[in-house]
Amino acid sequence: MSLSKTPVLFLKKAGRNSIARTRVPLAIDRESAPNLSTAKSAQIVIVKPALDEPWLLAESAAGKGQRVVVTSYMDHPLGQAFAAWEAGRLSLQFPGLVGTCGLQTHGLFEPNPFTEALGSVTPEFHPVAWTGLGFDELLDTLLWQKL
């Protein structure tokens, strides 16, 4: 999927002309999406569950005729699993709204037991086979301190 994530000022000034000229859909992310975008200025809303409230952004996007792409925010593998869970939840709540997502960033970092549990980076996200978000045995080995 090719898309251009652009600053809001650009969206207001040149968004419609850019789409007509390049046929590359424009995307908007973070808190600006529900307040500043329309389907003409940005066709895709980027949702980062680590930062955003996914349901509210998806509801806004659905009401404006926009699509949603969920990303993991270059997160730890546990955060990637959470983003995948949110993408699945949104797909159930808003059928047809969620497109191809950008969930796998663990290949960008030094390997560790968590990245190895997710396996190699492929076009499909493969969750780990444990309970909840996964990683049960790995999480049990970590030293947890009360803050």
Side-chain angles (χ1 to χ4, degrees), residues 1-11 15 18-19 22-147:
M1 166 185 275
S2 294
L3 57 92
S4 174
K5 202 169 77 169
T6 62
V8 173
L9 184 58
F10 174 79
L11 289 176
S18 175
I19 297 161
T22 65
R23 306 226 183 230
V24 174
L26 297 178
I28 191 166
D29 71 353
R30 306 288 300 268
E31 295 82 16
S32 57
N35 299 321
L36 299 173
S37 71
T38 66
K40 290 180 181 176
S41 63
Q43 296 71 53
I44 299 169
V45 174
I46 305 295
V47 175
K48 299 173 183 166
L51 301 173
D52 302 321
E53 171 40 61
W55 197 89
L56 293 176
L57 289 178
E59 182 181 44
S60 175
K64 295 177 182 181
Q66 296 166 309
R67 297 287 313 268
V68 166
V69 170
V70 179
T71 68
S72 67
Y73 197 60
M74 292 180 60
D75 209 343
H76 182 275
L78 185 62
Q80 292 176 49
F82 177 67
W85 180 80
E86 285 287 2
R89 187 175 72 102
L90 292 177
S91 292
L92 290 173
Q93 293 175 323
F94 301 95
L97 183 70
V98 179
T100 301
C101 297
L103 303 172
Q104 298 187 76
T105 54
H106 58 281
L108 301 173
F109 304 102
E110 292 293 322
N112 63 50
F114 288 89
T115 61
E116 290 171 4
L118 281 180
S120 59
V121 175
T122 64
E124 299 86 26
F125 184 84
H126 298 283
V128 293
W130 289 306
T131 59
L133 297 176
F135 306 102
D136 301 30
E137 294 171 9
L138 294 174
L139 291 170
D140 286 343
T141 65
L142 298 178
L143 176 63
W144 293 91
Q145 296 180 356
K146 197 173 191 175
L147 300 177

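Since the model is a prediction, treat every value here as computed from it, not as a measurement.
Between A83 and V70, the shortest heavy-atom contact is O-CG1, 3.6 Å. Between Q80 and F125, the shortest heavy-atom contact is O-CZ, 3.9 Å. For P77 against L118, the heavy-atom pair with the smallest separation is CB-CD1, 3.6 Å. Shown here for T122 and Q104, the closest heavy-atom pair between the two residues is O-NE2, 2.5 Å. Taking every heavy atom of both residues into account, V69 and C101 meet most closely at CG1-CA, 4.0 Å. When all heavy atoms are compared, the tightest approach of T105 to S72 is OG1-OG, 3.5 Å.
Between atom CG of residue L26 and atom CD1 of residue I44 there is a gap of 8.5 Å, rounded to the nearest 0.5 Å. With rounding to the nearest 0.5 angstrom, the CG atom of L142 is 6.0 Å from the CG atom of L139. The distance from atom NE2 of H106 to atom CG of L78, rounded to the nearest 0.5 Å, is 13.5 Å.
Residues passing the side chain to side chain donor-acceptor pair (under 3.5 Å) test with E86, sequence neighbours excluded: R89. For the side chain to side chain donor-acceptor pair (under 3.5 Å) test, residues two or more places apart in sequence or in another chain that qualify with Q93 are W55.
Taking the side chain as every heavy atom from C-beta outward, F109 and M74 approach each other to under 4.5 Å.
At distances below 3.5 Å, not a single donor-acceptor pair connects side-chain atoms of S60 with backbone N or O atoms of L57.
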